[in-house]
Amino acid sequence: MAEQASDRYDAGQLEEKWQREWDERGTNTFSEERMRSPSDPYYNLMMFPYPSAEGLHVGNIYAFTGADVHGRYQRLRGREVFEPMGFDAFGIHSENFALKVGVHPMDLIPANVANFTRQLRRMGGMFDWNRTVDTTTPDYYRWTQWLFLQLFKGGLAERKEAPVNWCPSCMTVLANEQVIAGLCERCDTPVEQRHIAQWFFKISDYAQRLLSNLEGLDWSATTRKAQENWIGRSEGALLRFPVLGEGSDESQLEVYTTRPDTVFGATYMVLAPEHPLVPEVTSPEQREAVEEYRAQASRMDLVARRKVEQSKTGVFTGGHCRNPATGERIPIWIADYVLMDYGTGAIMAVPGHDERDFDFATAFGLPIPRVVAAEDADADTLLTEAFTGSGRLVNSGRFDGMDTESGGRAIVDWLAERALAEPRINFRLHDWCISRQRYWGPPIPIVHCDACGPVPVPEEELPVVLPRVDDFKPDDSGVSPLARVEDWYRTSCPECGAEARRETDVSDTFLDSGWYFLRYPSAHSDDAPFDPDLTRTWLPVDCYIGGNEHAVLHLLYSRFLTMALHDLGHLDFEEPFTKFRAHGLIVREGAKMSKSRGNVVIPDAIIERHGADSFRLYLMFLGPFEEGGDYRDQGIQGPVGFLKRLWSSVVPVEGLRESDPDPEVERKLHQTIEQVGRQLPGLQYNTSIAAMMEYLNVVRAEGRTPARSEVEPLVVLIAPFCPHIAEELWARLGHEESIFEGANWPDFDPAKLQEEVVTLAVQVNGKVRATLEVPLGITEEAAMQRAKEEPNVARYLDEAQVRRVIFVPDRLLNLVVA
RNA sequence: GCCGGGGUGGCGAAACGGUAUACGCAGGGGACUUAAAAUCCCCCGGGCUUCGGCCCUUGUGGGUUCGAAUCCCACCCCCGGCACCA
């Protein structure tokens, strides 16, 4: 027997030893052959981190540990678990930090990645370091560019001049998703509007499918709901209002409404200030006022523009439409409460039944007729506020008396006969702007040629390498720093050979992270982004765990890209993540952790002091994994003590009894195996750990000496949480192989779960008056007999008559007395 | 405003409609120790008590039920998503 280390539990020394062993034995690494023909593959994915200079924070460790526990459990069950890790290192975050500290990102990132790797090993994750991904390497972003080209060729990428969100502080364009209430999500600077030619992915073409597929996904309810809200489907109708022009050619104003039933109450129209028909409908007398208002609106930043509380403003254009239902001539206004990027950018205003229209009509003295009446009102009941509920139609010609729902349908049908209406489904989801006027990202692989227009870079010429540029600071010009690097952007047109210019914008980081899970299994593949066989074998991902802050960004884009690649013939599935679980948030002593508060938990320090196993165990014990928990500094003492007791219950192994387990202990053991095995797959980690603690308390009760058969299964149960100590104890118990090699998860025997004696609660009128220790399976009659012998029960029965008896076998006897 | 999730001891939290407060932290008492740390044992929701027990308690108020933290209705508060979205 090899020289045994000390019998003292030294977490640091032992964890280092096992991390080295795993590396040397290749415990967590797939050979090329096993990768290609695994017996029972399980792809266990977690959201790869952005490698910041500060290193891993507790939130990362919490998420990764929860996912790692899941992966290790699957492995102990016999699955072949692929658990990769990588780095999402492109993007504005890294770039801004690099600017701040004055180090080039190409120098900064590798150092951060090295530090992250060290920390990730130290926390004991089961990562396959042989297949890792760094989005900033040309090996990777070559394929990010390839992906762009596929979408371009598939007609899903288009370049258009568009009003975009411009952050004057970050000096870049932001996606709608990155604008929170009109502010830049990164620096809280008010966002401005700019008009720039941008590349967009047509995710809105997929809105309905992205929504419909949600139903079949095994995802956290909160995440699904967030996507549902974000996609924002609504049902209504497109209505056409003929413009009453002085000339002969009548154009039409199209509006989208969810309330076609109220069209008889539309007393005016409102266009967004940016609406293209504004010049056409504006009368000469009003032109000056209209132009002034439009100029003002375009200057206004989006915060002010979207502020709900402010009072309504607008200007009459001097033009008129005909209400297609009433035939009346109604005025056309422009107002900034109508947004160009939703629906058609124009509305029919129904002040009687829409709050915003009501406010506007009140402010400008426009008529407010009633066209819907609820039970307590009739056609003439005055409206003192907008009535938005349902009811019966009134003042609506032949539709009077119909309810709002069927009336709406009937009105659409009626108008449709004259081609003035059609049913319409509208989505809130906008196309995905992927252009970034920054430096730290993959160049968009397009060449602009005066003769040929935008031409894709031939695939065999990928990657378009991001050049090392020392002056990578963005400026206010609205173009990327790459536009200053002439010898880089000057090139020839791939089609006609003429002098041409490279696209100087780089792509959004969410494009990098939108497909990384496809790359992991194929990380060694040089001739394709993802090898068809490996992809068929390993994907879709079996379980994905991550934060809900990515519910509508990363997760929606990943689904869209997967769907698009499926349609383009590159993948045979269209949903990337079979199961997704959002983990909760960790707070500290009841307060959110933040650098500015100075209350962040530093993982390195805790691991140094207590070991990774204790830290992992504590994080998983804090609260339900999917709800998060409160990190209290003292709290780790519980898990620390538990591991010490576990250690001293096994070591030295010569001290263990080799006899059969005690029946009492054995029963508790089987109950524990049953509970942990049931709760672990559901990520109910905190209660699983509590069950193991309870079991160890039974094993050690009154200082008894444990039997090997009592503790050996516990070593396996704890292994997903505390892999190092489990390996060490497993080895000391005489096993040669890693505990994670082979399916070592213990079975329980249902026959051994049942107690022989159960505690029966005796109630009188629903109140517990006694508890009885009775043999399992006691009959109602016998239980009655025993209950009546209890003085504290008998005294309630003395004067009363038992009118009813409720008997729940082996649990409870309730005597209902008069 | 709409849509999710939640409100249980001093604290983190458990609890198929069936003994509310498992497990752990903190706190109190004790053992061991010259002492401390570590370890081990006991107590630990509130009030009353003749020490047998009794009453109250899961955000608030109602309801269903033999029995409700759990189901139903109304309301209050906290967290998250969407939001001048027509």
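All heavy atoms count here, side chains included; hydrogens, waters and symmetry mates do not. Throughout, a chain's letter reflects where its sequence line sits, starting with A, and its residues are numbered from 1.
The side chain of A/P624 sits closest to B/A13 out of B/G24, B/U19, B/A13. Minimum atom distance to the side chain of A/R645 is reached by B/C40, of the listed B/C82, B/C40, B/C66. Checking B/A26, B/C84, B/G81 against the side-chain heavy atoms of A/K312 singles out B/C84 as nearest. Closest to the side chain of A/E694, from the set B/A86, B/C23, B/C56, is B/C23. The listed nucleotides are B/C66, B/A86, B/G53; the one nearest the side chain of A/N814 is B/C66. Side-chain proximity of A/T222 to B/U19, B/G4, B/C23: nearest is B/G4. Of the candidates B/C85, B/C54, B/C23, B/C23 carries the atom nearest the A/F621 side chain, counting heavy atoms from C-beta on. Among the nucleotides B/C56, B/U19, B/C66, the one closest to any side-chain atom of A/V816 is B/C66. Of the listed nucleotides (B/C84, B/U19, B/A26), B/A26 has the atom at the smallest distance from the side chain of A/Q634. Side-chain proximity of A/Y796 to the nucleotides B/C54, B/A20, B/C84 is greatest for B/C54.
Across all strands shown, A/V768 has heavy atoms under 4.0 Å from sugar-phosphate atoms exclusively, and none from any base. When heavy atoms are screened at a 4.0 angstrom cut-off, A/A221 is found touching no nucleic acid atom at all. Contacts of A/D357 with the nucleic acid, taken as non-hydrogen atoms under 4.0 Å apart, are absent. At a threshold of 4.0 angstrom between heavy atoms, the contacts of A/T771 include nucleobase atoms, whether or not backbone atoms are also involved. Counting any heavy atom pair closer than 4.0 Å across all strands shown, A/R233 reaches no nucleic acid atom.
Atom-to-atom, CG of A/N697 to C1' of B/A22 comes out at 11 Å; the value is rounded to the nearest Å. Between A/Q671 atom CD and B/A22 atom C1' the separation is 13 Å, expressed in whole Å. As a whole-Å value, the separation of A/K592 NZ from B/G80 P is 5 Å. In this structure, A/M340 atom CE and B/A86 atom C1' are separated by 13 Å, rounded to whole Å. The CG atom of A/L622 sits 13 Å away from the C1' atom of B/C11 (whole-angstrom rounding). Atom-to-atom, CZ of A/R424 to P of B/A86 comes out at 14 Å; the value is rounded to the nearest Å. One can place OH of A/Y337 at 16 Å from C1' of B/A83, the figure rounded to the nearest angstrom. For A/H583 and B/C79, the NE2 to P distance is 19 Å, given to the nearest whole Å.
The base-pairing partner of B/C16, taking Watson-Crick or G-U wobble contacts with both distances under 3.5 Å, does not exist among the strands shown. Base pairing annotation: B/C54 forms a Watson-Crick or G-U wobble pair with B/G47, both donor-acceptor distances under 3.5 Å. Look at B/G4: its Watson-Crick or wobble partner, with both distances under 3.5 angstrom, is B/C79.
A close approach under 4.0 Å does not occur between any side-chain nitrogen or oxygen of A/N426 and OP1 or OP2 of B/C85. Checking the phosphate oxygens (OP1, OP2) of B/C23, no side-chain nitrogen or oxygen of A/Y618 falls inside 4.0 Å. A close approach under 4.0 Å does not occur between any side-chain nitrogen or oxygen of A/N686 and OP1 or OP2 of B/A22. The phosphate of B/C25 (OP1 or OP2) has no side-chain N or O of A/R632 nearer than 4.0 angstrom. The phosphate of B/G67 has neither OP1 nor OP2 within less than 4.0 Å of any side-chain N or O from A/Q763. At the phosphate of B/A86, OP1 or OP2 sits under 4.0 Å from a side-chain N or O atom of A/Y342. For A/R811 and B/G17, the shortest distance from a side-chain N or O to OP1 or OP2 is not below 4.0 Å. Residue A/R700 has no polar side-chain atom (N or O) positioned under 4.0 Å from OP1 or OP2 of B/C41. OP1 or OP2 of B/C55 lies within a sub-4.0 Å distance of a side-chain N or O belonging to A/R769.
In this entry the base of B/G9 is syn relative to its sugar, with a glycosidic angle within 90° of 0. With a glycosidic angle more than 90° from 0, B/G5 adopts the anti conformation.
A cation-pi arrangement is present between A/K312 and A/Y337, with the terminal nitrogen or guanidinium carbon under 6.0 Å from the aromatic centre and inside a 45° cone about the axis. Both tests do not hold together for A/R428 against A/Y342: distance to the six-membered ring centre under 6.0 Å, angle to the ring axis within 45°.
Judged by closest nucleotide on RNA chain B, A/G623 is the one of A/T759 and A/G623 placed further toward the 5' end. Annotation: of the two residues near RNA chain B, A/N229 and A/N765, the 5′-most nearest-nucleotide partner is A/N765.
Interatomic distance, CD of A/Q675 versus CG of A/L680, reported as 10.5 Å (0.5 Å rounding).
Side-chain atoms of A/K225 stay outside donor-acceptor range of the base of B/C82, with no qualifying N/O pair under 3.5 Å.
A/R645 pairs with exactly one of A/V699, A/V640, A/L696 by the side-chain contact (heavy atoms from CB on, under 4.5 Å) rule, that one being A/L696.
In terms of modelled atom types and a separation under 3.5 Å, the side chain of A/R581 and the main chain of A/D218 share a donor-acceptor contact. Side-chain atoms of A/T344 come within 3.5 Å of backbone atoms of A/E254 as a donor-acceptor pair (strictly under, hydrogens ignored).
Going from the P atom of B/G59 to that of B/A14 covers 15 Å, rounded to whole Å.
With a 4.5 Å cut-off on side-chain heavy atoms, A/N686 and A/F625 do not count as touching. Contact of the A/L646 side chain with the A/L714 side chain is registered, since non-hydrogen atoms from C-beta on lie closer than 4.5 Å. Taking the side chain as every heavy atom from C-beta outward, A/M269 and A/N323 never approach each other to under 4.5 Å.
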